[in-house]
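In what follows, a single structure is set out as structure tokens and then discussed.
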There are 2 protein chains.
Amino acid sequence: MGGVTAETGCLRLTPIRASRCAVCGVREASFCAVLSASELQQLHAMSSQKVFEPGELIVEEDAAVRQVANVLSGTIKLFKLLPDGRQQITGFLFGGDFLGPMLSGEYATFAEAVTRVELCLFDQDRLREQMDAWPHLERRLFEDATATLDRALDWMLLLGRKTATERVASFFVMLADRVASRDDVQLTVDVPMSRSDIADYLGLTMETVSRQISHLKRQGLLEPSGAHAFTLPDVPALRRIAGGNEPN
Amino acid sequence: MGGVTAETGCLRLTPIRASRCAVCGVREASFCAVLSASELQQLHAMSSQKVFEPGELIVEEDAAVRQVANVLSGTIKLFKLLPDGRQQITGFLFGGDFLGPMLSGEYATFAEAVTRVELCLFDQDRLREQMDAWPHLERRLFEDATATLDRALDWMLLLGRKTATERVASFFVMLADRVASRDDVQLTVDVPMSRSDIADYLGLTMETVSRQISHLKRQGLLEPSGAHAFTLPDVPALRRIAGGNEPN
DNA sequence: CGCCGCAATTGACCCAAATCAAGGTGTAAA
DNA sequence: TTTACACCTTGATTTGGGTCAATTGCGGCG
């Protein structure tokens with residue numbers, strides 16, 4: 001019962017969030033949702049929390065540490081680099097998402113905090129051991145990987161075959177889907193990342209992204225809502241453009 | 001022990017290959033590699049074989065059947081379509097690869113035989129039940145999904161950021177890696193797919209692929225070897241071009 | 001063998017998006 | 001309020017790869 005709560009001074013170990021799972025805002029969204037109360041307690045005992053500032057690299061790789069994490073809050077970008085610096089963002093992580101082992105094929109994947117980010121960290125090997133004991137945990141992480149693969153394959157279609165307009169529309173549809181909510185309702189999405197991050201996610205340049213956003217604004221499909229957010233008055237229309245039907 | 005061997009007449013059930021796992025050419029390459037002799041026998045009892053001709057759609061989706069399969073031989077292309085027909089190939093499968101459930105995000109994935117293909121089919125639900133009983137099977141399929149995700153993310157970098165030359169070089173490097181073998185040895189790779197399939201895999205047009213192949217031929221990095229194969233005299237050089245370093 | 005038909009190659013031209021180049025805007029600090 | 005700086009927008013120009021259009025090459029077959 002004593003718990004980890006009082007570990008202040010430690011560099012970056014966050015005392016901000018009471019670190020008990022009971023009050024964790026993303027418990028139901030994360031893999032923790034499949035765990036029983038006692039399992040949660042066990043897992044909590046082997047977790048630690050950490051905060052990253054915007055722009056900070058979240059290494060957790062090739063360092064001997066080998067950790068994985070749940071994103072408690074904030075936005076992370078995952079990306080790959082070509083030797084000459086060209087960058088492709090392979091995905092964004094938001095609160096509740098799982099930051100798995102950065103398995104690398106030909107190119108390493110890096111993770112960087114876009115906003116201030118709070119992570120709930122686990123030792124990768126210890127979590128793997130738990131997977132042996134808790135098949136439902138393994139099943140859940142499997143499903144997670146499967147969903148990630150799914151999104152990656154959809155994104156390949158975007159990168160290989162969609163026009164600039166379609167890509168930018170797809171980007172906002174993606175954000176809308178992550179915020180959930182209904183299609184027919186006009187909804188507001190946060191856009192914490194820079195134009196140039198969006199470009200690196202869509203395989204475009206910053207300038208093209210900016211022009212396309214302006215165009216969508218003129219069409220009334222995008223309304224600026226504060227510094228880092230847009231209101232989407234007609235998500236179905238956006239979705240139509242994203243899909244690649246639109247005559248113009 | 002009678003087994004499945006003699007089921008001839010059935011449409012497409014292949015009697016070509018003696019369907020006993022003991023003589024299966026891809027057993028060691030497929031997920032079957034992690035199974036014991038008795039487990040293999042059990043699994044074999046619930047398998048069936050089927051042949052597909054070039055160009056044939058391998059549906060196994062939305063049809064009530066819901067099957068998954070090991071590829072015994074041949075080449076399969078997996079692809080997604082935009083409503084207007086634009087196509088993105090998300091991957092190729094070769095002998096030993098696992099053709100999993102065609103989970104679909106926004107866009108459905110289709111599978112089509114490129115060459116004549118032999119599959120070893122399993123009912124998806126039955127295999128899932130076996131996963132509960134055999135954790136090592138689940139672990140192996142998890143690793144498979146993970147490797148697929150890995151390759152997909154690398155490919156996103158290609159589709160979003162690489163030039164035409166780099167893409168085509170990457171394609172041959174990918175083939176070389178699948179054939180395994182060493183880098184410094186000159187090796188020959190089969191290229192069973194059409195130029196236009198290659199283009200749909202690389203996010204280019206047939207014409208651009210053809211031009212780039214001609215260019216690589218002139219550089220002496222690619223030598224035609226029969227109708228559907230190339231010899232790669234210098235894979236490291238190809239790899240350098242693919243990576244995005246090459247001055248020219 | 002020679003003809004057919006399709007896939008691949010090659011050439012000429014074009015265009016969507018990249019690149020290059022100013023400006024504008026918001027915000028935070030002085 | 002002014003300055004500073006980072007980010008974003010917009011405009012002008014270029015270009016890599018797409019499109020359109022012939023050839024060429026080759027395997028199958030009468």
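Throughout, a chain's letter reflects where its sequence line sits, starting with A, and its residues are numbered from 1. Note that the structure is predicted; figures quoted are calculated from it, not measured.
Taking the six-membered ring for Trp and thresholds of 30 and 60 degrees, A:Phe92 and A:Tyr201 have ring planes more than 60 degrees apart, a perpendicular arrangement.
Per the geometry, CZ belonging to B:Arg218 stands 10 Å off C1' belonging to C:dT10, to the nearest Å. Across the protein-nucleic acid pair, B:Leu159 atom CG and D:dG17 atom P stand 13 Å apart, rounded to whole Å. A straight line from CD of B:Gln212 to P of C:dA8 spans 16 Å, rounded to a whole angstrom. When the C1' atom of C:dA7 is taken as reference, atom CG of B:Asp200 falls 15 Å away, rounded to whole Å. Atom C1' of nucleotide D:dG16 and atom CD of B:Glu166 are separated by 12 Å, given to the nearest angstrom. The distance from atom NZ of A:Lys162 to atom P of C:dA16 is 19 Å, rounded to the nearest whole Å. One atom, CD1 of A:Ile213, and another, P of D:dC7, lie 15 Å apart when rounded to the nearest Å. For the pair B:Lys217 NZ and D:dT24 C1', the computed distance is 12 Å after rounding to whole Å.
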B:Ile241/B:Leu221 under side chain to side chain contact (heavy atoms under 4.5 Å, CB included): CA gap, chis, key distance, verdict | CA-CA 11 Å; B:Ile241 297 177; B:Leu221 295 172; 3.5 Å; yes

Applying side chain to side chain contact (heavy atoms under 4.5 Å, CB included), run through A:Ile58 and A:Leu99 and close with a yes or a no.
-> CA-CA 10 Å; A:Ile58 300 168; A:Leu99 175 58; 4.1 Å; yes

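In this structure the side chain of B:Asp97 never reaches within 4.5 angstrom of the side chain of B:Asp144, judged on heavy atoms.
The residue among A:Arg161 and A:Ser196 whose nearest nucleotide of DNA chain D is located toward the 5' end is A:Ser196.
When each of A:Gln212, A:Gln219, A:His215, A:Arg211 is paired with A:Thr165, the side-chain hydrogen bond (donor to acceptor under 3.5 Å, both in side chains) condition holds for A:Gln212 and for no other.
Within residues 201-211 of chain A, the residues that have a heavy atom under 4.0 Å from DNA chain C are, in order of number, A:Gly203, A:Leu204, A:Thr205, A:Glu207, A:Thr208, A:Arg211.
When all heavy atoms of B:Thr75 and B:Met193 are compared, the pair lying nearest together is CG2-CE, 4.4 Å.
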